[in-house]
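Below: one structure, written as structure tokens.
The sequence lines fix the lettering, A, B, ..., with proteins before strands; numbering per chain opens at 1.
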Amino acid sequence: MRYRWNTGSLAWLVHRITGVILTFYLIAHIFVLSHLKNPSAYDQLMNFMKNPILKIGELLLFAAVLIHVFAGIRITLLEAGLSTKIQKPLAYLGVVAVAVIWIVCGFFFLMEVF
Amino acid sequence: MSKFYTFRIKRYLPEESPSSRWDEFRIKLESMERVLDGLIKIKENLDGTLTFRKSCAHGVCGSCAMKINGLNRLACQTLVKDLPELIEIEPLPSLPVIKDLVVDMTLFFEKNDRVLPYLINDDPPPERERIQSQEDQHKILESITCIMCGSCTTSCPVFWADKEYLGPSALLKAYRFLFDTRDKATDSRLERITGEHGVWRCHSIFNCVEVCPKEIDITKHILKIKRLAVKKGFKGGD
Amino acid sequence: MEINKHYFDTVIIGSGLAGCRAAIECINTGSVAVLSKLYPTRSHSTAAQGGIGAALGNEEPDSPEWHTYDTVKGSDFLGDQDAIEIMCYDAIPTIIELEHMGVPFSRTPEGKIAQRRFGGHTRDFGAAPVRRACYSADRTGHAVLFALYEQCQLRGVRFFQEFQVLDIVVENNSVQGIIAVNIKDGSLHVFESKAVIIASGGYGKIFKVTSNAYASTGECLSMLFRQGLPLEDMEFFQFHPTGLYGLGILITEGARGEGGILINGKGERFMERYAPTIKDLAPRDMVSRAILTEIREGRGINGKDYVYLDLRHVDKKILEERLPEITTFSKIYMGIDPSEAPIPVVPTAHYAMGGIPTDIDGRVLKDVDGSVIYGLFAAGECACVSVHGANRLGCNSLLDTVVFGRRAGKTATQMLKDMQKGRVKKDRIDKTFEEIENLRNAKGKESIASIRKDLQTTMMDKCSVFRIEKELKELLVELEDLKTRFKEISLTDRSKTFNTELLEAIELSHMITLSEVVAQSALVRTESRGAHCREDYPNRDDENWLKHTFAFKSDRGITFKYKPVKITRFKPEERKY
Amino acid sequence: MWSWLLHRITGVILVFGLLYHFILMHFMGHNNYSYEAVMARLSDPWWKVFNIIFLLAAVYHGFYGLNGLVTEYIRERPLRKLMRYLIIIVPMILVFFGIKIVLFN
């Protein structure tokens with residue numbers, strides 16, 4: 001039987017995975033931007049980015065950012081001295097915050113496309 | 001009230017076969033009996049080769065830690081009535097298995113030895129006891145209840161991957177002395193535990209807290225060590 | 001057959017309090033090996049809950065003299081008073097030393113070591129209970145054991161964990177070394193040494209209901225006995241009054257020290273009748289008898305075979321801070337919260353007052369005249385100094401281990417330079433090897449489990465708190481039968497790797513021997529004293545029995561010799577509380 | 001200890017940085033991230049400072065995290081050594097390119 005997951009280990013796992021994704025995205029992000037030499041290339045990219053599929057990709061990336069940010073806030077608060085007794089409520093609160101922000105922002109986000 | 005339980009046990013008998021296998025035993029147990037009672041009954045009546053450690057049988061010696069239904073626990077402290085009818089038992093994860101449910105704890109104890117696990121105070125001792133306020137004693141109260149069963153360290157995903165990591169148990173031991181007002185070796189102890197595979201590898205996963213049979217909030221203690229190291233402006237590794 | 005040979009100046013068997021304390025002494029002058037059949041911190045010392053006695057006087061006036069008196073009286077005047085005096089006066093520096101070694105004692109508001117009441121501890125020679133038990137919540141043994149083990153590590157003591165001792169080699173009146181098996185791989189190891197200190201603990205597992213660990217089987221005592229060495233006062237086995245009903249798990253006397261009371265089925269605080277002065281804090285033998293008397297006379301809870309330990313009126317904060325462990329035990333194993341419901345309890349086999357006879361310096365005696373085995377020492381529960389006499393006071397067991405562990409260690413180091421290196425002869429090793437191989441390949445028809453179960457049941461039925469000639473005689477017949485059955489055992493596990501079945505077989509054979517000694521000793525002592533209660537001889541008989549029993553193995557079974565009790569200050573008097 | 005602490009500090013910086021970054025680049029409409037708008041903002045020296053800190057924090061935070069993964073998961077010594085070099089070299093290249101855009105574009 002697999003080792004049983006619990007709130008803390010799940011939070012840690014998604015924190016890790018999103019962290020790795022974001023770091024690799026960061027590398028790509030900087031690399032791409034640094035190769036835009038002129039306005040037309042930039043605008044070309046920007047137009048390309050308006051593709052709905054890429055927009056959804058961006059939205060997923062945004063989710064990864066939110067997850068990573070809130071998982072990070074939870075850990076940092078605990079490390080700063082917040083009681084470990086509330087580590088689970090903190091995690092649930094984080095889930096709620098991520099969901100709300102993602103849905104609300106995603107709405108505005110997609111409005112731009114459609 | 002008695003009921004039949006199926007014990008599904010991961011067996012490893014190195015002299016019979018180099019690979020492990022699963023065996024199932026069906027036994028009748030009273031609701032207040034413990035998993036350890038079940039194992040003993042199996043050994044006595046069904047299969048004498050079944051091997052596990054045991055000693056005090058009431059959760060103070062730490063011998064019988066094992067993975068029961070996906071969680072590390074003490075077999076002597078887990079009542080069968082709190083488990084489903086199918087009880088799946090494996091040795092503690094991530095340590096080499098010697099036989100059946102017996103793991104080689106050498107690595108686990110070595111971690112412990114690395115944190116200077118003893119009170120160091122070279123001042124000439126006073127004639128009577130060293131004075132320690134109740135408040136100061138309470139700071140270490142939780143940490144001294146550790147029985148070194150190994151449940152915490154072997155439940156830690158960081159330890160599963162990184163065998164050089166000190167692990168929750170050793171860090172808790174370090175805490176027990178770092179926060180004992182009578183101990184004078186704070187700096188050398190911090191130096192021992194702040195290396196690359198030391199305290200910073202704790203990611204507050206809380207698996208250790210979930211399984212501690214003594215209900216010690218180990219993560220809380222590790223976080224306190226981190227804050228102490230920061231407060232001391234400690235320059236050890238990362 | 002491959003044999004691994006080791007040499008250490010001192011070899012210590014057992015890594016509990018006595019073993020670790022002795023090791024700390026011995027490491028100063030030579031190499032030390034400590035053998036343990038468990039990992040060191042798993043030793044049963046860790047289960048000691050309530051406290052360690054010393055007249056520190058931190059909470060209220062106290063004196064080692066009162067402590068001495070209480071211990072002598074507690075022992076029903078069978079304890080040797082010179083040894084008791086040493087222990088009670090040594091207690092103070094010993095506890096202070098433990099504190100300096102790092103034991104995390106609970107504290108008084110001024111920051112001194114906190115102390116609480118315990119059974120049989122009184123001020124002014126029995127006037128009223130006194131706070132004498134130094135404690136670390138209800139995990140005192142655990143706290144002390146860890147500190148001592150840690151100090152051993154600091155000082156470089158070598159630990160051989162999960163090594164089972166097979167033979168203690170005594171030849172030419174001196175110890176030569178020991179033979180042990182590494183449980184992990186079944187390899188044979190011979191440790192030759194100048195000195196051997198036995199600190200192997202008790203043997204409560206000969207009884208069905210016991211607070212003792214599975215590892216407490218007492219094989220070292222039996223190994224010496226089989227070589228013709230005596231065992232002292234084996235008829236005295238303490239039953240702790242408050243074991244969890246059905247399980248025997250210990251509920252510390254500290255629970256009563258903090259105000260808990262015992263009540264029977266009628267809701268009476270029955271100890272008022274048995275010990276009017278100190279009531280529930282009477283010594284253990286008396287409380288155990290009182291509980292069983294209540295049950296026998298139909299005043300158990302609902303007429304059943306247990307009584308209640310009531311902690312409901314004790315401040316919840318005290319329960320949390322000073323008795324957290326027993327609170328947890330009750331919750332886990334009985335589903336009872338002690339602050340809301342009383343705990344069902346019944347006496348449980350707890351402590352062996354008897355054991356390997358030693359002098360006040362821990363040297364093992366080979367006869368009643370005080371002659372010793374050269375280089376062989378014993379300390380802790382396995383030894384009998386005797387400071388506990390016929391009944392041990394609570395808190396004196398931990399004290400005994402550290403005081404006499406330290407003394408044995410000290411004596412060993414002082415004698416080291418005069419001692420010769422031991423030599424274990426090859427034929428002795430061959431014999432041990434052959435024995436263990438025979439066991440491992442045993443193909444009889446009896447199972448270890450059934451023999452052990454029968455042994456424990458019959459010992460519990462016929463040789464526990466109350467004893468009577470007829471039953472003891474029946475018991476001895478049954479033990480003969482068990483011995484015959486043991487010759488016909490069969491093992492299913494024939495492997496060398498971590499063969500716990502083989503270990504259980506070895507333990508069982510020694511348990512049978514010990515049971516025989518206990519039963520015989522109980523049969524010959526025709527009086528009631530301390531924990532030894534003969535219903536056919538209900539009174540203490542100082543005229544004939546104010547003496548220690550030494551049991552020897554002989555061709556005719558077991559023979560007895562007697563050694564007078566050392567009485568210095570306190571003349572035997574009637575024991576009332 | 002310092003590297004660990006810096007990881008936490010950069011984390012906090014990133015929370016605020018990202019907030020700003022996202023609001024600006026994604027939610028305020030197209031005008032905000034047109035080439036001209038971006039360039040105009042970048043001509044303000046404070047924007048340059050913000051961007052550089054943001055960049056450094058992001059790179060440090062990300063690669064400290066990867067370094068942890070290497071410490072925990074990579075057992076083979078040569079591979080580990082290689083990864084360690086990469087973890088120093090790659091961010092340096094990234095920072096170089098990043099600063100180049102911010103300062104000279």
Chain C contact via B:Gln134 - side chain, backbone, both or neither, heavy atoms under 4.5 Å: both
Separation between CG of B:Asp47 and OG1 of C:Thr492, rounded to the nearest 0.5 Å: 6.5 Å
Side chains of B:Met148 and C:Arg42 in contact at under 4.5 Å (non-hydrogen atoms): yes
Minimum side-chain heavy-atom gap B:Leu119-C:Glu150 below 4.5 Å: no
Test: B:Arg53 and C:Glu162 ion pair at under 4.0 Å: yes
Proximity breakdown for B:Leu13 and chain C, heavy-atom pairs closer than 4.5 Å: neither
Contact check, side chains of B:Arg128 and C:Ile96, non-hydrogen atoms, under 4.5 Å: yes
Carboxylate-amine/guanidinium contact C:Glu97 B:Arg130, below 4.0 Å: no
Short N-O contact, B:Asp104 and C:Lys184, less than 4.0 angstrom: yes
Per-residue contact mode, B:Thr78 against chain C (heavy atom under 4.5 angstrom): neither
Salt-bridge criterion met for B:Glu44 and C:Arg452 (N-O under 4.0 Å): yes
Validation row, ring centre C:Phe329 to ring centre B:His58 under 6.0 Å: yes
Distance-only polar pair, side chains of C:Thr500 and B:Lys99, donor-acceptor under 3.5 Å: no
Part of B:Ile144 within contact of chain C (heavy atom distance under 4.5 Å): both
Side-chain H-bond candidate by donor/acceptor type, C:Asn58 with B:Glu129, under 3.5 Å: yes
Spacing of B:Ser63 atom OG and C:Tyr214 atom OH [to the nearest 0.5 Å]: 12.0 Å
Interchain contact, B:Thr181 with chain C, by part (heavy-atom threshold 4.5 Å): neither
Within-4.5 Å side-chain heavy-atom neighbours: B:Met32 and C:Tyr333: no
B:Pro117 versus chain C, the contacting section by heavy-atom distance below 4.5 Å: both
Side-chain heavy atoms of B:Thr49 within contact of C:Glu501, under 4.5 Å: no
C:Asp493 side chain reached by B:Thr51 side chain, heavy atoms, under 4.5 Å: yes
Which atoms of C:Leu247 approach chain B - backbone, side chain, both or neither, heavy atom under 4.5 Å: side chain
Heavy-atom pairs under 4.5 Å with chain B, option from C:Gly141, C:Ser106, C:Ala137, C:Ser43 with the top count: C:Ser106
Under 4.5 Å from a heavy atom of chain B, the part of C:Ala143 involved: neither
Chain C contact via B:Phe52 - side chain, backbone, both or neither, heavy atoms under 4.5 Å: backbone
B:Arg182 side chain reached by C:Pro104 side chain, heavy atoms, under 4.5 Å: yes
Contacting region of B:Ile140 [heavy-atom separation from chain C under 4.5 Å]: side chain
Heavy-atom side-chain contact between C:Thr41 and B:Ile147 under 4.5 Å: no
